[in-house]
Asks: 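Dropping a structure here in structure tokens format, bear with me for questions.
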There are 2 protein chains.
Amino acid sequence: MCDAGIVTTPPPGLRERKKRATREALREAALRLAVERGPDGVRVEDIAEAAGVSPRTYNNYFASREQAIVSAVTADREARIAAALAAGPAGARLADAVTEAVVGQYANTGEREQKALLLITTRAALRDAYLGSTAGIEPPLAEVLAARLGDAGAHTARVLAASVAAAVRIALEGWLRPAGAAEAAGGLVVPSGSLPDLLRAALAPLAPAFDAAERGTRP
Amino acid sequence: MCDAGIVTTPPPGLRERKKRATREALREAALRLAVERGPDGVRVEDIAEAAGVSPRTYNNYFASREQAIVSAVTADREARIAAALAAGPAGARLADAVTEAVVGQYANTGEREQKALLLITTRAALRDAYLGSTAGIEPPLAEVLAARLGDAGAHTARVLAASVAAAVRIALEGWLRPAGAAEAAGGLVVPSGSLPDLLRAALAPLAPAFDAAERGTRP
DNA sequence: CAGAAAATGTGCGTGCGCGCAACTTTGCTC
DNA sequence: GAGCAAAGTTGCGCGCACGCACATTTTCTG
């Protein structure tokens with residue numbers, strides 16, 4: 001009843017393995033075809049066929065074509081962030097631990113991911129899907145934060161997790177912005193830099209909130 | 001070049017007025033038909049016809065049927081929140097000012113809105129659209145916060161605005177939850193209460209971040 | 001005031017998201 | 001191993017979101 005859902009994986013089970021395999025096949029097929037033919041040259045029917053399932057089944061796994069393509073890059077980054085935070089030193093400042101966990105999981109820039117991200121930036125729909133994937137980090141992160149803050153801080157954990165997700169989204173927005181539209185107001189806003197720097201800068205304003213939460217539950 | 005987009009409205013212009021009228025007609029038609037026939041008994045064609053435009057034009061205003069229905073309730077709440085904050089006393093603590101501005105704009109529970117919200121809770125797609133509308137408060141809020149924090153804090157303002165939007169979303173989630181699915185983990189989490197209480201509770205963890213931002217730019 | 005320029009409204013066509021109701025596979029129990 | 005319940009897959013069909021090209025209206029400029 002109290003398992004975290006991640007730590008307990010006694011036997012993966014055949015059914016579960018098939019499901020994972022299907023999802024991965026769809027992810028990879030979607031990305032490969034998108035790279036080969038361009039983002040607009042690939043239809044759902046093609047992805048499903050390449051993965052060996054029916055188009056209807058494809059839709060049982062992904063709610064949109066963009067989601068499938070982006071999923072090949074985002075994979076299970078949410079779970080890895082939560083795992084990195086849970087595995088980190090318990091003595092460190094919570095704000096720093098969260099920042100490092102996030103930065104660490106967004107730092108691994110493989111050859112394939114680089115090409116995929118280049119493709120994602122070319123279509124607004126894909127960019128939105130990529131930015132929207134940050135919302136997925138909230139649930140697992142909230143769980144780990146609740147474990148650190150205690151049951152009394154479960155509510156705070158949820159808010160902080162959502163804030164982190166929002167900050168990450170902002171950092172990514174600033175990162176893959178093609179210096180496009182004119183600035184609406186406020187003048188110039190340090191356009192871009194390295195991703196880790198952007199992430200740290202975006203998470204920095206939240207540090208005081210983490211400090212207070214940490215102090216409030218463990219005086 | 002430096003106008004904020006809201007303060008400057010010299011002559012509304014004929015074109016702009018028509019646009020507003022069309023949007024409002026679509027909003028009202030969508031909500032009215034949804035209430036009359038139920039959420040599933042209204043099609044885009046009906047809404048467009050009731051508003052006196054073509055279905056294609058309808059889609060130029062709203063990206064989904066749910067968005068149109070929800071829009072009748074959310075209206076321009078984002079702008080009103082930002083306006084309330086901008087109009088508030090400049091001497092108060094920023095965190096309190098933001099909280100009061102948000103709570104105040106979600107407090108006005110009219111007769112019609114109450115019925116609309118009751119209808120929204122009955123469909124998952126409508127609930128999602130309503131929760132998604134909170135994202136819209138980020139841009140105007142970021143602008144007002146940037147004005148308070150100064151140009152150096154423009155970046156911080158953006159993050160804080162997004163965090164506020166996320167906190168509001170969480171509060172709304174807890175509010176219109178029909179006590180449905182089982183809790184995944186963490187046990188019981190104070191299920192619900194009055195909306196103002198939920199909003200204050202969700203925004204409270206962010207207060208230290210606001211304090212620090214305020215202190216950082218105006219020592 | 002006339003004509004250029006920009007923005008909206010509209011019809012058409014395509015691909016897609018998903019509810020529904022079968023059918024098949026997996027996992028559990030006796 | 002046989003049988004049963006739960007979970008997953010698939011075909012079908014409907015409505016919808018949106019790109020495109022064109023007609024129409026509003027606004028700007030000389």
Side-chain angles (χ1 to χ4, degrees), chain A residues 8-26 29-30 33-34 37-71 122-129 132 181-182, chain B residues 5 8-27 29-30 33-34 37-71 122-129 132 181-182:
Chain A
T8 61
T9 315
L14 191 151
R15 193 171 242 163
E16 191 64 19
R17 270 181 292 156
K18 266 197 171 179
K19 227 174 136 179
R20 301 261 182 197
T22 300
R23 165 163 268 127
E24 188 175 335
L26 284 169
L33 292 177
R37 316 182 184 176
D40 300 332
V42 50
R43 286 174 306 191
V44 164
E45 187 184 344
D46 306 326
I47 300 174
E49 188 184 12
V53 295
S54 75
R56 186 63 186 82
T57 296
Y58 155 88
N59 263 86
N60 287 342
Y61 285 86
F62 297 102
S64 73
R65 202 177 69 256
E66 290 76 23
Q67 215 173 81
I69 297 174
V70 162
S71 166
T122 63
R123 294 291 184 281
L126 286 176
R127 274 185 299 147
D128 290 347
Chain B
T8 60
T9 316
L14 192 152
R15 193 169 243 165
E16 190 65 17
R17 270 180 292 157
K18 265 195 172 180
K19 228 175 136 176
R20 300 263 182 196
T22 299
R23 166 164 265 125
E24 188 176 335
L26 284 170
R27 273 199 296 229
L33 292 177
R37 315 180 185 177
D40 300 331
V42 49
R43 286 174 306 193
V44 164
E45 187 185 343
D46 306 327
I47 300 175
E49 188 186 12
V53 296
S54 76
R56 186 63 186 85
T57 295
Y58 155 87
N59 263 90
N60 287 342
Y61 283 87
F62 297 102
S64 75
R65 201 178 71 258
E66 291 75 24
Q67 213 174 82
I69 296 174
V70 163
S71 166
T122 63
R123 294 290 184 281
L126 286 176
R127 274 185 298 147
D128 290 347

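These values consider heavy atoms only, across backbone and side chains, with no hydrogens, waters or symmetry-generated copies. By convention in this document, chain letters (A, B, ...) are assigned in the order of the sequence lines, proteins followed by strands, and residues within each chain are numbered from 1. Bear in mind the structure is a predicted one, so any value in this text is a computation, not a measurement.
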Asks: Taking atom C1' of D:dC16 as reference, at what distance in whole Å does atom CD of B:Glu49 sit?
Replies: 17 Å

Asks: Going from OG on B:Ser54 to CG on B:Asn60, what distance comes out if it is rounded to the nearest 0.5 angstrom?
Replies: 7.5 Å

Asks: Any idea which heavy atoms bring B:Leu126 and B:Val70 closest together, and the distance?
Replies: O-CG2, 3.7 Å

Asks: Please give, in whole Å, the distance from C:dA6 P to B:Lys19 NZ?
Replies: 16 Å

Asks: Could you check how far CZ of B:Phe62 sits from C1' of D:dC18, rounded to whole Å?
Replies: 16 Å

Asks: For A:Arg37, look at atom CZ and say whether over 12 heavy atoms of other residues, nucleotides or ligands are found less than 6.0 Å away.
Replies: yes

Asks: Would you mind reading off the distance between B:Tyr58 atom OH and C:dC12 atom P, rounded to a whole angstrom?
Replies: 20 Å

Asks: Rounded to whole angstrom units, what separation is found between the CG atom of B:Asn59 and the C1' atom of C:dC16?
Replies: 14 Å

Asks: Given D:dG8, D:dT10, C:dG15, which nucleotide is nearest the side-chain atoms of A:Arg43?
Replies: C:dG15

Asks: Please tell me which of A:Glu16 and B:Val42 maps to the more 5' nucleotide of DNA chain D, matching each residue to the nucleotide holding its nearest heavy atom.
Replies: A:Glu16

Asks: Within the structure, does a side-chain N or O atom of A:Arg56 lie under 4.0 Å from either OP1 or OP2 of D:dT9?
Replies: no

Asks: Would you say the base of C:dT8 and the side-chain of B:Arg15 have a donor-acceptor pair closer than 3.5 Å?
Replies: no

Asks: Given C:dG9, is OP1 or OP2 found less than 4.0 Å from the side-chain N or O atoms of B:Ser54?
Replies: no

Asks: Validate the cation-pi geometry between A:Arg65 and A:Tyr58: distance from NZ or CZ to the six-membered ring centre under 6.0 Å, angle to the ring axis within 45°.
Replies: no

Asks: Nearest-Å distance, CG (A:Asn60) to C1' (D:dA7)?
Replies: 11 Å

Asks: Between B:Phe62 and B:Arg27, is there a cation-pi geometry (under 6.0 Å to ring centre, at most 45° from the normal)?
Replies: no

Asks: Reckon B:Tyr61 has a side-chain N or O less than 4.0 Å from the OP1 or OP2 of C:dG9?
Replies: yes

Asks: Mind calculating the distance between CG (A:Asp40) and P (D:dC18) to the nearest angstrom?
Replies: 14 Å

Asks: Look at B:Lys18 and D:dT25 and indicate whether a side-chain polar atom (N or O) is within less than 4.0 Å of OP1 or OP2.
Replies: no

Asks: Within this structure, what is the CD-to-C1' distance between A:Glu45 and D:dT10, rounded to whole angstrom?
Replies: 14 Å

Asks: Judged by each residue's nearest nucleotide on DNA chain D, which is more toward the 5′ side, B:Arg65 or A:Thr22?
Replies: A:Thr22

